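Keep in mind it's a predicted model, so treat the numbers as computed, not measured. Order of the sequence lines fixes the chain letters, A, B, ..., with proteins taken first and strands second; residue numbering starts at 1 for each chain. Basis for what follows: all heavy atoms, side chains included, without hydrogens, waters or symmetry-related copies.
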Protein chains: 4
Amino acid sequence: MNERSRESTRQRILSASQKVFAEHGYTGANMRLIAQGAAVSVGCVYLYFKCKDELYLTLLESWMNELDARTTDALENIVEPAEALAAFITTGIVYAREHKEMVLLQGRDLGFARGLEMKQQFLRKRRSLIEDIVRKGVATGIFCDCDPGEAAKLIFCSMRGFIVTMMMGEEALYSPEAGVELLLNGLLRRDTP
Amino acid sequence: MNERSRESTRQRILSASQKVFAEHGYTGANMRLIAQGAAVSVGCVYLYFKCKDELYLTLLESWMNELDARTTDALENIVEPAEALAAFITTGIVYAREHKEMVLLQGRDLGFARGLEMKQQFLRKRRSLIEDIVRKGVATGIFCDCDPGEAAKLIFCSMRGFIVTMMMGEEALYSPEAGVELLLNGLLRRDTP
Amino acid sequence: MNERSRESTRQRILSASQKVFAEHGYTGANMRLIAQGAAVSVGCVYLYFKCKDELYLTLLESWMNELDARTTDALENIVEPAEALAAFITTGIVYAREHKEMVLLQGRDLGFARGLEMKQQFLRKRRSLIEDIVRKGVATGIFCDCDPGEAAKLIFCSMRGFIVTMMMGEEALYSPEAGVELLLNGLLRRDTP
Amino acid sequence: MNERSRESTRQRILSASQKVFAEHGYTGANMRLIAQGAAVSVGCVYLYFKCKDELYLTLLESWMNELDARTTDALENIVEPAEALAAFITTGIVYAREHKEMVLLQGRDLGFARGLEMKQQFLRKRRSLIEDIVRKGVATGIFCDCDPGEAAKLIFCSMRGFIVTMMMGEEALYSPEAGVELLLNGLLRRDTP
DNA sequence: GATGAATGAGTCTTCATTCAT
DNA sequence: CATGAATGAAGACTCATTCAT
């Protein structure tokens with residue numbers, strides 16, 4: 001219980017919080033539950049995080065960082081815009097599937113400012129990433145001559161709705177592939193002469 | 001002190017709740033705030049709604065009913081599937097714009113069963129409405145040969161994401177028209193011979 | 001709703017209170033329930049009784065008066081002490097059977113002084129009535145040479161316990177006659193030569 | 001602020017509750033009063049007892065257990081029925097004298113089921129204990145040929161009334177010995193030829 | 001570093017009482 | 001005389017946070 005136990009305890013707390021926040025939301029989660037999940041005392045949690053907010057914010061930050069890293073990874077060697085879009089979407093959905101806690105990103109019960117800002121900045125960044133891809137596609141003539149900003153918003157909202165729906169425990173979800181396909185080709189029949 | 005009519009007080013409470021729930025979420029909202037917003041005493045709220053749940057559920061139900069009615073109206077005289085889709089989406093988004101409170105439909109912190117059920121049933125119904133439209137479009141050959149279920153999910157999630165994004169106070173949102181256009185035609189350039 | 005309605009409304013309120021107090025106890029009873037039972041508005045109750053206490057006290061007083069009257073009646077023409085005792089006990093038990101509300105006489109949740117005093121005085125009076133009977137029986141040599149005070153207490157407590165038990169809804173109760181018989185003759189076998 | 005040991009705090013809370021319940025009854029007692037009596041915060045009470053009911057039930061149970069144990073002890077080496085009866089009654093009355101809180105056993109304001117059941121079962125058990133004693137006395141010919149059930153009820157109610165009277169703070173009570181004597185011999189003079 | 005007992009402000013809810021009509 | 005909408009003080013219970021050990 002000494003050596004590098006400090007870091008391991010911190011991690012245990014963090015991962016317990018994740019579960020509890022995911023299951024109960026920010027307001028609904030309580031410190032006793034988190035402490036129990038981490039097998040430490042309540043007071044101990046406060047040795048590592050000075051309040052509930054900080055715990056929450058730390059999680060938020062680490063999710064954002066990881067999703068960011070994965071996305072960068074996924075896009076690294078792709079040049080084709082359609083392919084890049086597919087990679088972006090798939091990465092996001094797969095990540096969300098693994099991290100139900102990410103709901104919180106969508107969650108409404110953040111009364112505090114810092115979390116909101118962080119989050120909004122993150123989302124803005126992701127949207128502009130999509131926008132870049134679309135712009136490139138339009139430039140190369142692969143995508144139709146749409147407004148890249150609007151297209152990015154549509155794609156972004158679509159992903160977000162997907163994640164929210166998934167998080168709410170509602171069964172019906174499209175497969176990433178089918179989704180990408182539809183976004184690329186649209187609903188209307190291509191005129192095959 | 002009590003010249004106000006029963007119905008008017010009820011309405012004032014309802015509309016105050018709407019604001020408070022929208023701003024703080026279910027768990028975060030508190031009866032004192034709601035009462036203050038309605039300019040009545042806390043006890044008075046309980047004269048009209050027997051508990052917080054009932055207040056919430058009443059709001060939820062009325063939103064769902066109104067959105068339902070509006071959607072039915074909008075689709076009444078439309079036969080063309082693409083047009084119907086556009087009408088469905090536009091109605092939903094316009095409604096959400098007017099009723100920020102609808103976030104709650106997306107909300108995470110409903111611990112109680114009845115609200116969740118009601119909500120899920122409502123969402124299911126709406127999704128199946130989209131599915132019907134898509135199916136018809138595929139049948140008539142206007143839409144491409146996609147899986148109507150999957151397409152409905154995409155469209156549905158897309159709308160939902162849109163609403164969530166809007167609710168979170170984030171600025172960037174696509175215009176319904178541009179969105180519909182993209183969903184219909186897809187991102188990829190149509191091959192112009 | 002005019003003529004002599006005043007008195008009739010008062011009576012309706014009183015009799016509704018009786019039921020409600022009997023069923024819920026003093027603290028547990030609430031004015032809305034009483035008003036409903038009397039088919040008047042809550043405010044109307046306050047037109048007749050200035051507060052919950054007064055309502056309660058009024059009932060208490062009327063029970064005591066009635067029991068008092070009945071007891072006096074029952075004892076009027078009896079000279080024989082054993083017979084008088086039997087009459088006293090039987091009257092009390094019969095009355096209690098008809099007036100479940102009388103529990104309240106036994107009830108614990110009277111936080112206010114006036115009721116308590118009234119009640120204690122009433123009980124003291126009844127006990128001294130028994131004592132007189134016993135004293136006379138001892139004087140005439142019909143009763144054994146016991147301390148009349150102690151005997152009165154025993155008899156009094158016995159009746160009281162009977163009533164409490166009855167009120168608590170517990171099934172098993174002795175019949176007044178068997179009880180009187182036992183009190184008179186004792187448990188021990190009489191030596192029959 | 002927290003040097004007090006867990007068990008000692010629990011005991012302090014329990015004994016404060018005893019006083020408060022005894023003085024105000026179940027409904028009338030409130031957690032603030034109990035906490036104050038135990039010199040802890042309200043929240044602290046809930047660290048030890050998860051609700052008001054549990055606090056009450058804990059007390060109820062411990063009284064019943066102790067009175068049970070004492071009664072068993074007292075009767076252990078007695079074979080003579082008259083003596084056994086005297087021991088039973090005396091034990092009960094002495095116990096009640098030491099534990100004014102026992103009123104609660106008589107209390108009317110238990111809205112919750114478990115407490116009532118527990119209590120009624122306890123009382124039934126005690127009554128049947130008396131019945132056994134009486135039956136034995138009748139069988140051996142020491143007691144007169146009465147119905148043991150009825151006699152048990154009388155004795156039981158008598159004790160109960162005694163306790164209630166005592167609890168209500170009313171001064172006058174028979175001494176256990178005089179009471180037993182009367183129950184055994186009856187009021188009527190034994191015919192000494 | 002870790003514990004867990006303790007706090008106190010805050011939450012939902014109830015209810016005796018008042019008062020304009 | 002009667003209504004019933006409204007009040008506000010209180011009650012049971014929860015929980016983030018602190019602190020002696």
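- What separates CG of B/L47 from P of F/dT7 is a distance of 9 Å, to the nearest Å.
- For the pair D/K52 and D/F21, the cation-pi test (distance below 6.0 Å, angle within 45°) is failed.
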DNA chain F in dot-bracket, Watson-Crick or G-U pairs under 3.5 Å, [ ] crossing, | other strand?
-> .||||||||||||||||||||
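- At whole-Å resolution of the value, CZ in B/R6 and P in F/dT3 are 16 Å apart.
- In this structure, the CD atom of A/E54 is 15 Å from the P atom of F/dA16, given to the nearest Å.
- Applying the side chain to side chain donor-acceptor pair (under 3.5 Å) test to C/E66 and every residue at least two apart in sequence or in another chain returns C/R70.
- Take D/Q121 and apply the side chain to side chain donor-acceptor pair (under 3.5 Å) test, not counting sequence neighbours, and it matches no residue.
- Between F/dT7, E/dT3, F/dT3, one nucleotide has an atom nearer to the side chain of A/C44 than all others, and that is E/dT3.
- Contacts of D/E61 classified as side chain to side chain donor-acceptor pair (under 3.5 Å), with partners at least two apart in sequence or in another chain: none.
- The shortest distance between the side-chain N/O atoms of B/T9 and the OP1/OP2 oxygens of F/dA6 is below 4.0 Å.
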Give the C-alpha distance, both sets of side-chain angles, the deciding distance and a yes or no for side-chain contact (heavy atoms from CB on, under 4.5 Å) between A/Y26 and A/L55.
-> CA-CA 10 Å; A/Y26 179 78; A/L55 202 42; over 6 Å; no
Would you please test A/L67 and A/F122 for side-chain contact (heavy atoms from CB on, under 4.5 Å) and show each step?
-> CA-CA 10 Å; A/L67 179 52; A/F122 173 73; 3.9 Å; yes
Nucleotide N/O of nucleotides 16-18 of chain E paired with protein N/O under 3.5 Å:
{"residue": "E/dA16", "atom": "OP1", "partner": "C/A29", "partner atom": "O", "Å": "3.0"}
{"residue": "E/dA16", "atom": "OP1", "partner": "C/K52", "partner atom": "NZ", "Å": "3.0"}
{"residue": "E/dA16", "atom": "OP2", "partner": "C/M31", "partner atom": "N", "Å": "2.6"}
{"residue": "E/dT17", "atom": "OP2", "partner": "C/Y46", "partner atom": "OH", "Å": "3.0"}
{"residue": "E/dT17", "atom": "OP2", "partner": "C/K52", "partner atom": "N", "Å": "3.0"}

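- Pairs engaging residues 31-51 of chain D under the salt bridge (charged side-chain N to carboxylate O under 4.0 Å, His left out) rule: D/K50-D/E54 [sequence neighbours left out].
- Side-chain N/O atoms of C/S41 include none lying less than 4.0 angstrom from OP1 or OP2 on F/dG4.
- For the pair B/Q36 CD and E/dT11 P, the computed distance is 11 Å after rounding to whole Å.
- Atom CD1 in B/I13 sits roughly 15 Å away from atom P in E/dC12 (whole-Å rounding).
- Taking atom CZ of C/R12 as the reference point, atom C1' of F/dA2 lies 12 Å away to the nearest angstrom.
- Partners of C/Y48 according to the side-chain contact (heavy atoms from CB on, under 4.5 Å) rule, which considers only residues two or more places apart in sequence or in another chain, are C/R6, C/T9, C/R10, C/I13, C/C44.
- Between D/R10 atom CZ and E/dG4 atom C1' the separation is 17 Å, expressed in whole Å.
- As rounded to whole Å, 13 Å separates atom P of F/dC15 from atom CZ of A/F21.
- Partner of D/S17 under the side chain to side chain contact (heavy atoms under 4.5 Å, CB included) criterion, chosen from D/T58, D/V45, D/L59, D/L33: D/L59.
- Regarding contacts with the backbone of F/dA2, a side-chain N or O of C/Y48 is found under 4.0 angstrom from either OP1 or OP2.
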